[in-house]
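Structure first, commentary second.
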Amino acid sequence: MTASAPTGANPLQALAGAQQSPWLDFIRRSFVEDGSLAALVHAGDIRGVTSNPAIFQKAIGDGTEYDAQMRALLAKSTPTPGALYERLAITDIQAAAKVLAPVYEQTQGTDGFVSLEVSPYLARDEHGTTQEAARLWADVAAPNLMVKIPATPQSIPAIRQSIAAGINVNVTLIFSLAAYRDVVEAWLTGLEELHAKGGNLSRVASVASFFVSRIDARIDSAIDQRTSAGDAQAAALATLRGKVAIANAKLAYAYWQDIMQSPRWKVLEAAGAQTQRLLWASTGTKDKAYSDVLYVDSLIGPQTVNTLPPATMDAFRDHGTVRETLTAGLDDARHILAETQRLGLDLDSVTDALLDEGVTAFEEAFDTLLASVAAKQAALMGDSLTGLKTSLPADLSAAVTQAQDDWRRNGTIRRLWAKDATVWTGGTEADWLNWLTIVDDRAANLAELEAFQTEVRARGFTQVLLMGMGGSSLGPEVLATTFGKHEGFGHLYILDSTDPQQVAATEKKLDIAHTLFIVASKSGSTLEPSIMLSYFHDLAKRTLGAQAGAHFVAITDPGSSLEKLAQAEGFWKIFHGDPKIGGRYSVLSNFGLVPAAAAGVPLHPFVADALRGVRLCDASVPPAVNRGVQLGLILGTAARLGRDKLTILATPEIADFGAWMEQLVAESTGKNGLGIIPIDNETPGSLRHYGADRLFVYLRLAPEHRHEQDEAIATLREAGQPVLTITLHNRRQIAQEFFHWEMATAVAGAVLGIHPFDQQDVEFSKIETRRLTEAYEKTGSLPPEAPFASFGPLSFFADPANAAATQGADAVAVLKAHFARVQPSDYVALLAYLPRNRDTQEWMQHTRLHLRDGLNCATAAEFGPRFLHSTGQAYKAGPNTGVFLQITADNAQDLPIPGTSLTFGLVESAQARGDFSVLAERERRIIRVHLHGSLKEGLAALATALHDAL
Ligand SMILES: O=P(O)(O)OC[C@H]1O[C@](O)(CO)[C@@H](O)[C@@H]1O
């Protein structure tokens, strides 16, 4: 360390003579790039640099200085905003380290440091801090770096471990003598550990940053308050104004001097160790009544550092006084602290509070910084990201802002990414969170899927049939309908029904000899895919003989019964799902990617888009700009305010996304009498049909948007209905939305206080179905049932309670009585166990709109058994606001299920009956209408009756 200053030196330069190093508490890109820092260093004004989250927030958060580097980084990859910030900060730190390197060299590694702080979010996390210190040390890779670690009780062990690892540490946020003693202890122990390992002590530098002026600011304000309240001790209190912080610092210095005399230190010193210098921080004067160099002039002494904000640096250069003040007036200092205590100014509480405030202030600065980095990143990525515009009524908007702030203050998004189950119910949630990381995992292992895609193409399949339910089919269905057929690949068909006519219609589309069959089931034991597989495998065996297995691919979780069957039958491939991902969160795992590969969807760009979605929902993105969190907080908050009908409208080319969303949202949130009811694909109507229970989501595919949909949405917005408009700039961006909605659903679940990853109520219908099919296998028939009313082709069935409530002299009267039960904010759902084809879909759509317009309520048009693995969970266990019309029909054709005495038609009716009894048991308002004879005529009769009933 330089012992004397050059003659004619300014006060800053003269500090060298007093063995104090002035460091600068400031950094920003332009200041380093334009040579300003170098000029200060060369002049000898400044011998080190410190940064903190608030300094970087000012540097990066405002202005455009960092845009060029951001652009360059974003051109190469899509980092998380947190990683992007860190790259920018490290670039500055490395540049400053270079400027200070000559000082470091001249002083043999004892001065010329630049400090970079660990994430303030880790301030109370020993392990996280230790890891991050090591990571930053390695990433910056400059010997004159100091990693800043706050002196919280939790971080003290991290300080010891970092020192022991040979990392230079700047311990920050020290306010009390007690904390300082702990820091010294950690530092000494760390050095001793390093020494014991045979490490080189001479290059381990450390400073203990003792905060000064903040203490006076607090104590002075307490004094002022008491004085103005007429305190009897006002005169004595007045003598302490502006004195306590410096007295505190002087005693810290005295403690350091004692340590320097201790035998413990002497051993380390003899082994070549450097001392840990005290660094005075928070030395900008806060009270204008005091000298603007008070906290520099008064704290000068050998082997110390003072880190100065730019204004204080300039002031000290201009009129500072260099005199060894630190060691003078030690008795006075003791007296001041004794007086502080005598007069009831609780210094311990003040320093405790200052530590908490200091941590919080840096967290908040970091929140602001990351929010601006994320916003800037989004702006620079432009149309490569989907957009979100929200238009919310005042009450909802205020509640959402409040929720965002709660999430920000509590760091909930970081807890979510850290898989902390207490974000939800503290149950088994952590076992279901691998959807958070599956895209990175798949991106890193894309070669296997790409090889599969190449092989599929080479084998020249003309069709691909995917068999599965819910999460195993709805994602692939979105891919099939959104992307269509790809050159060189077969058309992807989806089968998720037990309706015999639908099975037969699917079979008709296939050329079995040239079809690739994919059976997808996470559990491997779901009824529908099992029987579909039996049917088509049997068919394939009849066409292809021993080669049949080579046409089959299974996607299932490891060890499932499906995996065993696939092995036994010689399937071509078996792809595994991740058991820590539930079905409805599986679209970006092999459950979506294998069908995507088979259909020829270009995998790399698709996964790259999904990754964009992941990055912008990252733990480092604060709630107000985190797309998934934003959406989820709106969904959850809206539901809590009674807007629980999530009404989904989409450009037709991407409209199937709604069916996937339905399952995700309904199966995740619909439980314990709570939840969000998705209303998919309900054509917009007149404003008077909408109550205060709606939240609209418009998925707008910009290049193919429909003018009339835009108009309808604008009308809703103008009428004050809450509307979320999500803009996709191309179809592939559905990959981003898959992730956004997964995150949103998890977040909405947290707002509702439910477990969003189980679906316990689905099981009840399955049990009932099983009971019925087993009865059939034993007795050859289903248990008898009788309609409570029959009129021509329409027979009505219900449990006694529902039957009693819907008596009528004709079909019209029955339906009238049933729908008279609809209250404001209820919804009506048609649950049709019919072949899902263009005719039935049109009928359902027409009928639901008729009901919507007649009853002014939200409507759903669902096909069984498909919805049983989707919205069925919410219908059974969500809010009891649904009024259901189950529709069944005679099957014009039935198909046997190989290896059983069952038929598809029988399973379908058992499923309808099973679900009915569970809904009825749960006191839902439901009746079943069975259509006899021709389906067309039955549907026409029902439509007429409904028309007359409303
Ligand atoms: O993939 P699997 O295990 O066949 O399950 C299919 C679907 O059934 C459910 O488990 C229940 O409906 C869904 O969550 C799931 O997506």
Side-chain angles (χ1 to χ4, degrees), residues 428 431-432 434-435 438 466-478 494-498 517-534 553-566 574-595 659-671 675 678 738 741-742 745-746 749 754-770 831 862-878 907 911 914-915 918-919:
T428 61
D431 297 338
W432 295 104
N434 278 10
W435 53 271
I438 192 68
L466 181 129
M467 298 167 276
M469 298 306 291
S472 299
S473 61
L474 293 166
E477 185 184 270
V478 177
I494 311 290
L495 183 58
D496 60 353
S497 177
T498 51
F517 296 93
I518 303 179
V519 58
S521 173
K522 285 190 77 66
S523 60
S525 57
T526 304
L527 170 71
E528 296 90 334
S530 301
I531 61 177
M532 291 186 256
L533 174 61
S534 302
V553 166
I555 316 169
T556 189
D557 284 357
S560 77
S561 53
L562 173 59
E563 176 171 29
K564 293 188 185 94
L565 185 140
I574 300 171
F575 289 96
H576 282 155
D578 183 332
K580 293 200 165 182
I581 301 177
R584 55 190 176 273
Y585 289 83
S586 69
V587 63
L588 297 171
S589 75
N590 279 346
F591 280 88
L593 293 180
V594 169
W660 174 83
M661 256 170 85
E662 262 193 332
Q663 184 204 10
L664 180 69
V665 170
E667 211 173 63
S668 301
T669 67
K671 50 200 69 161
F738 278 138
W741 283 93
E742 287 173 358
T745 305
I754 47 92
H755 187 321
F757 310 111
D758 67 10
Q759 60 284 328
Q760 297 185 358
D761 301 274
V762 173
E763 197 48 35
F764 293 96
S765 299
K766 291 187 188 168
I767 293 169
E768 268 306 293
T769 302
R770 211 173 305 131
L831 311 177
E862 304 286 332
F863 284 88
R866 171 181 158 102
F867 81 91
L868 294 179
H869 298 274
S870 170
T871 48
Q873 163 70 31
Y875 296 163
K876 286 186 266 294
V907 168
Q911 288 182 302
D915 194 42
V918 177
L919 284 161

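In each ligand, atom 1 is the first atom listed, and ligand 1 is the first ligand listed. Residue numbers run from 1 in the order of the sequence given.
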Hey, are Glu763 and Arg770 close enough for a salt bridge, meaning a charged N less than 4.0 Å from a carboxylate O?
-> yes

Would Glu528 and His869 count as having a side-chain donor-acceptor pair, cut-off 3.5 Å?
-> yes

Is the shortest N/O to N/O distance between Gly471 and ligand 1 below 3.5 Å?
-> yes

Of the backbone atoms (N, CA, C, O) and the side-chain heavy atoms from C-beta on, which set of Glu667 has a member under 4.0 Å from an atom of ligand 1: side chain, backbone, both, or neither?
-> side chain

Atoms of ligand 1, numbered as shown, that sit under 4.0 Å from any heavy atom of Gly470 = 16 (O)

Should you measure from each heavy atom of Lys522, which atoms of ligand 1 turn up under 4.0 Å away?
-> 1 (O), 2 (P), 3 (O), 4 (O)

Sub-4.5 Å side-chain heavy-atom contact between His755 and Thr428 | yes

Closest approach of any protein heavy atom to atom 8 (O) of ligand 1, naming residue and atom = His869 ND1, 2.9 Å

Among all protein heavy atoms, pick out the one at the shortest distance from atom 6 (C) of ligand 1; state its residue, atom name and that distance to 0.1 Å.
-> Met469 O, 3.2 Å

Ligand-side contact atoms (ligand 1) for residue partner Gln663, heavy atom cut-off under 4.0 Å | 13 (C), 14 (O), 15 (C), 16 (O)

Pair Ser668-Arg584, side-chain donor/acceptor within less than 3.5 Å | yes

Sub-4.0 Å heavy-atom contact, Glu763 with ligand 1 = no

Would you indicate which of Thr526, Val519, Ile555, Leu562 comes nearest to atom 5 (O) of ligand 1 when only heavy atoms are counted?
-> Thr526

Output the list of atoms in ligand 1 that are nearer than 4.0 Å to some heavy atom of Ser523, sorted by atom number.
-> 2 (P), 3 (O), 4 (O)

Test: Asp761 and Lys876 ion pair at under 4.0 Å = no

Indicate, with yes or no, if the rings of Trp435 and Tyr585 have centres closer together than 6.0 Å.
-> yes

Side chain to side chain donor-acceptor pair (under 3.5 Å) assessment of Ser589 paired with Ser586 | CA-CA 5 Å; Ser589 75; Ser586 69; 4.5 Å; no

